[in-house]
Amino acid sequence: MSSFNSDRGPNDNSFVLRFSYGTRAFLLVGDAEREEENDLLSHHRDLLRADVLKVGHHGSRTSSSPEFLEAVGPHDAIVSVGGRNRFGHPHEANAHIASKAGIRIWRNGP
C-alpha cells in the first residue's frame with residue numbers, strides 16, 4: 001500500500017499488507033508510525049478497513065492514532081511486544097484509546 005521514501009526512517013518504510021480470508025480482512029502495518037499512517041490515510045483510506053489490525057511499532061505512542069484506528073475499524077488488534085521490554089510497549093494511552101473504541105487487544109508476552 002505504501003511506497004519507499006528515502007526521507008523516512010525504517011519504521012515508516014515498513015511493508016503494509018492487507019489481505020482477506022473469507023469474509024475477514026486483516027491489515028498488517030509492520031513498524032509503521034504516525035507518518036506512514038498519515039500517508040495511508042491520505043492515499044489509501046478506502047482500503048484500510050479491516051477486522052484485525054496488527055498494530056504498528058509495538059503499540060508505541062508514535063503509532064495507532066485515533067484517526068487511523070477509526071479508519072481501520074478493527075474488532076481485534078494484535079500487538080507484538082517482548083516481555084519486560086524497556087520501552088513499556090504498548091503505550092498505555094494507545095491501549096486506552098483502543099479499549100474505549102471496543103477493540104480487543106491481543107498481545108504476546110506478559
With sequence neighbours excluded, residues passing side chain to side chain contact (heavy atoms under 4.5 Å, CB included) with Ala71 | Leu41, Arg45, Leu48
Do Leu27 and Val52 have side chains that get closer than 4.5 Å, going by heavy atoms?
-> no
For His43, which residues count as a side-chain hydrogen bond (donor to acceptor under 3.5 Å, both in side chains) partner, sequence neighbours excluded?
-> Asp39
Above 12 or not: heavy atoms from other molecules or residues under 6.0 Å from OH of Tyr21?
-> no
Residues in side chain to side chain contact (heavy atoms under 4.5 Å, CB included) contact with Ile103, at least two apart in sequence or another chain | Leu69, Pro74, Ala77, Ala98, Ala101
With side chain to side chain contact (heavy atoms under 4.5 Å, CB included) as the test, would you mind laying out the steps for Leu28 and Val16 before giving the verdict?
-> CA-CA 6 Å; Leu28 312 177; Val16 175; over 6 Å; no
Under the salt bridge (charged side-chain N to carboxylate O under 4.0 Å, His left out) rule, collect the residues that match up with Arg104, sequence neighbours excluded.
-> Asp76
With distance as the sole test, does Glu37 use its side chain to make a donor-acceptor pair with the main-chain N or O of Ser65 at under 3.5 Å?
-> yes
Value for CD (Glu33) from CZ (Phe68), rounded to nearest 0.5 Å, stands at 12.5 Å
Atom of Ser64, atom of Gly56 and distance for their closest heavy-atom approach = OG-N, 4.3 Å
In short, Lys54 meets Val29 closest at the heavy-atom pair O-CG2, 3.1 Å
Sequence neighbours excluded, which residues qualify as side chain to side chain contact (heavy atoms under 4.5 Å, CB included) partners of Arg24?
-> Phe26, Asp51
Leu47 CG to Leu40 CG distance, which is reported to the nearest 0.5 Å = 9.5 Å
Can you name the residues that form a side chain to side chain contact (heavy atoms under 4.5 Å, CB included) with Ser20, not counting sequence neighbours?
-> Arg18, Ala25
